[in-house]
Amino acid sequence: MNQEIRVRFAPSPTGALHTGGIRTAIFNWLFARKNKGKFLLRIEDTDKERSKDEFTQMIFDNLKWLGIDWDEEPVFQSKNIKNHNKNIHKLLKEKKAYYCYCSPELLAKMRKETEKRGIPFKYPRTCLQLPEKQKEEFESKELPRVVRFLILEGITEYDDLIHGKIKVNNSEIDDFIISRSDNTPTYQIAAVSDDQDMKITHIIRGDDHLSNTPKQILLHKALGFEVPSFGHLPLIFGMNKKKLSKRFGAVSLDEYIDIGILPEAMFNFLALLGWSPGNERELFNKTELIELFSLKGISKNNAIFDIKKLEWMNGKYISSKENYELLPFVLPFWIKMRIIDEKIAEEKKSYLLEVIEILKSRVKKLSEFAEYGYYFFEDPSHYDQPAENKYWKNNIKERLMDLFNSLEKLKVFNKDTIEKSLRQLAELKNISASKYIHPARLAITGFGISPGIFEVMELLGKEAVLRRLKNAVQYLDFSSPNL
RNA sequence: GGCGCAUUCGUCUAGGGGUUAGGACGCCGGCCUCUCACGCCGGUAACAGGGGUUCGAAUCCCCUAUGCGCUACCA
């Protein structure tokens, strides 16, 4: 038991990584780091039809984005086929597997027939009992053949790291195929061979593999290997309680990156989906997560991915991060919205940091820095209509001009002097300060809501503020001359 | 259909024979306040159902229901 713990994350590169896969990676990584073991990567690319290099790259990128590092060179399953075949032949030689010449069409027919009678289909082992002569004839005709693993009678049981004792009667298991008619190994034998090859000690994967496990245990044993430990994670579903799929909202990690989720938030959120450290805290950094992680805290039931909670957590991370740390994450959103370009970004760095400071406590997604903050970069091109109806009435032009004149006199233009000046004006005119504040906000930002308007004005600077006030008056002159 | 796994607020979960069943998100209300957000305070809401075992069951056992997974020459 003193051997080094080695775990693996084994995605197939047939699509973008989704949250379930990511969480499997996180748990494996946490388990390895906690136990000073090794976290390995294996790309299960044996499905030649669907596997794509771009997906492999995406998997690497996604893991890096999350801050998940791996300890040895990634293993590509397709490069181990020789070894898989070696194991298949070993089983064949020891009569633990046999050739089957039944065509897929014949199989489909048999399956249909038994199902019609309500009986679960199992391969009837016709080819196992084939007379030697018949076999020779098939071979000489070069009939396509697969290799089936012979399931012996008995009970297969193991102690699942998460579910506890799992027991399955071997009679429930079909003589599954381990080598296809084109002589390529199937998943079951490939996974078992590679896990041995990589000296994997703990296989932690999704519950969808639960029923594969007895098959794989049998394979490990038949090959004379030591059986690794298995643990099965509950699955993650979308809000509709259905398996995550393209149909229902964002599912791939990339889509969350696109809306502006921070890697720390994603990691924290996913770590807590199906696992709890047993206390009432919610926010943990990676080091704390590693420290606290234990298989014991893993829940047995499937979880639903609640994006609202992710967004809340993301907001927490955004507001607690330093401005300079946020900048590289926010910048792409501003650039994408064409609010600024890279050259300007470098020149105006200190200004950008202040914009981030002023917005970060009220933003849940990085994309909102762009959505809610464009007026830090450009004069409003239009004014929010409901806000206009609400705030711009009764002598509004006169009030905006009065404010303009007051602010124009300021020698020092900061939030304190601005506020003082505005409140003095209100007092002088004997109306409430809010009768200046809200119209000014609308004139300056174009919105009825914004961060504290005095801070916004300070950041924007005297020139821009006065210009925007004047613009608003001009706009009103044109659109509502009688105000 | 068969086999397997599961079932605590809408969601994520804590608890695991005696608790006012705790926390978080969401939602609702209040405070703060120039709006919004943050923050703070408060509220809402759950042990799937039925049988046992027990002085006592959300907790242990059985059954039912429901959900999910697997049942491929996919992984």
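Every chain is numbered from 1, with letters handed out A, B, ... down the list of sequences. Hydrogens, waters and symmetry mates play no part in the numbers below; they use all other heavy atoms, side chains included.
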Applying ring pair (Phe, Tyr, Trp, His ring centres under 6.0 Å), name anything that partners Phe376(A), two or more places apart in sequence or on another chain.
none
Taking all non-hydrogen atoms of both residues, which atom of Pro185(A) and which atom of Ile88(A) are closest, and how far apart?
CB-CD1, 3.9 Å
Centroid separation under 6.0 Å, is that true for the rings of Tyr374(A) and Trp334(A)?
no
Output every pair passing salt bridge (Lys or Arg N to Asp or Glu O under 4.0 Å) with a member in residues 147-168 of chain A, not counting sequence neighbours, ordered by first then second residue.
none
Over all strands shown, is Thr46(A) touching base, sugar-phosphate only, or nothing at heavy-atom distances under 4.0 angstrom?
sugar-phosphate
Report which part of the nucleic acid Arg111(A) touches: base, sugar-phosphate, or nothing (heavy-atom distance under 4.0 Å, all strands).
sugar-phosphate
Position toward the 5' end of RNA chain B (nearest nucleotide), Val363(A) or Gly274(A):
Gly274(A)
When the C1' atoms of A45(B) and U13(B) are compared, how many Å lie between them, rounded to an integer?
15 Å
Contact class for Asn212(A) (heavy atom, under 4.0 Å): base, sugar-phosphate, or nothing?
base
In whole angstroms, how far is the P atom of A37(B) from the CZ atom of Phe447(A)?
15 Å
Not counting sequence neighbours, which residues clear salt bridge (charged side-chain N to carboxylate O under 4.0 Å, His left out) with Lys52(A)? List them please.
none
Reading nucleotides 21-36 of chain B from 5' to 3' and marking B where a protein heavy atom lies under 4.0 Å of the base, S where only the sugar-phosphate is that close, and - otherwise, the string is -BBBB--------BBB
Does C34(B) have a Watson-Crick or wobble partner in any strand here, with both distances under 3.5 angstrom, and which is it?
none
Are His209(A) and the base of A75(B) stacked, counting only ring centres nearer than 5.5 Å and planes tilted under 30°?
yes
Residues in ring pair (Phe, Tyr, Trp, His ring centres under 6.0 Å) contact with Tyr187(A), at least two apart in sequence or another chain:
His209(A)
Any residue meeting salt bridge (charged side-chain N to carboxylate O under 4.0 Å, His left out) with Lys135(A), in chain and number order, not counting sequence neighbours:
Glu132(A)
Report the base-pairing partner of C5(B) (Watson-Crick or G-U wobble, both distances below 3.5 angstrom), or none.
G67(B)
Glu325(A) meets the salt bridge (charged side-chain N to carboxylate O under 4.0 Å, His left out) criterion, sequence neighbours left out, with none
Watson-Crick or G-U wobble partner for C73(B), using a 3.5 Å limit on both distances?
none
Counting only pairs under 3.5 Å, give me each side-chain donor-acceptor contact of residues 433-444 of chain A, with atom names and distances, residues two or more places apart or in other chains.
residue   : atom : partner   : partner atom : Å
Ser434(A) : OG   : Ser432(A) : OG           : 2.9
His438(A) : ND1  : Arg441(A) : NH1          : 3.4
Arg441(A) : NE   : Ser450(A) : OG           : 2.8

Considering only nitrogen or oxygen atoms on both sides, find all protein atoms under 3.5 Å from nucleotides 2-9 of chain B and state each distance.
residue : atom : partner   : partner atom : Å
C5(B)   : O3'  : His163(A) : ND1          : 3.0
A6(B)   : OP1  : His163(A) : ND1          : 3.3
U8(B)   : OP2  : Asn301(A) : ND2          : 2.9

When the distance from CG of Leu107(A) to P of U71(B) is rounded to whole Å, what number comes out?
15 Å
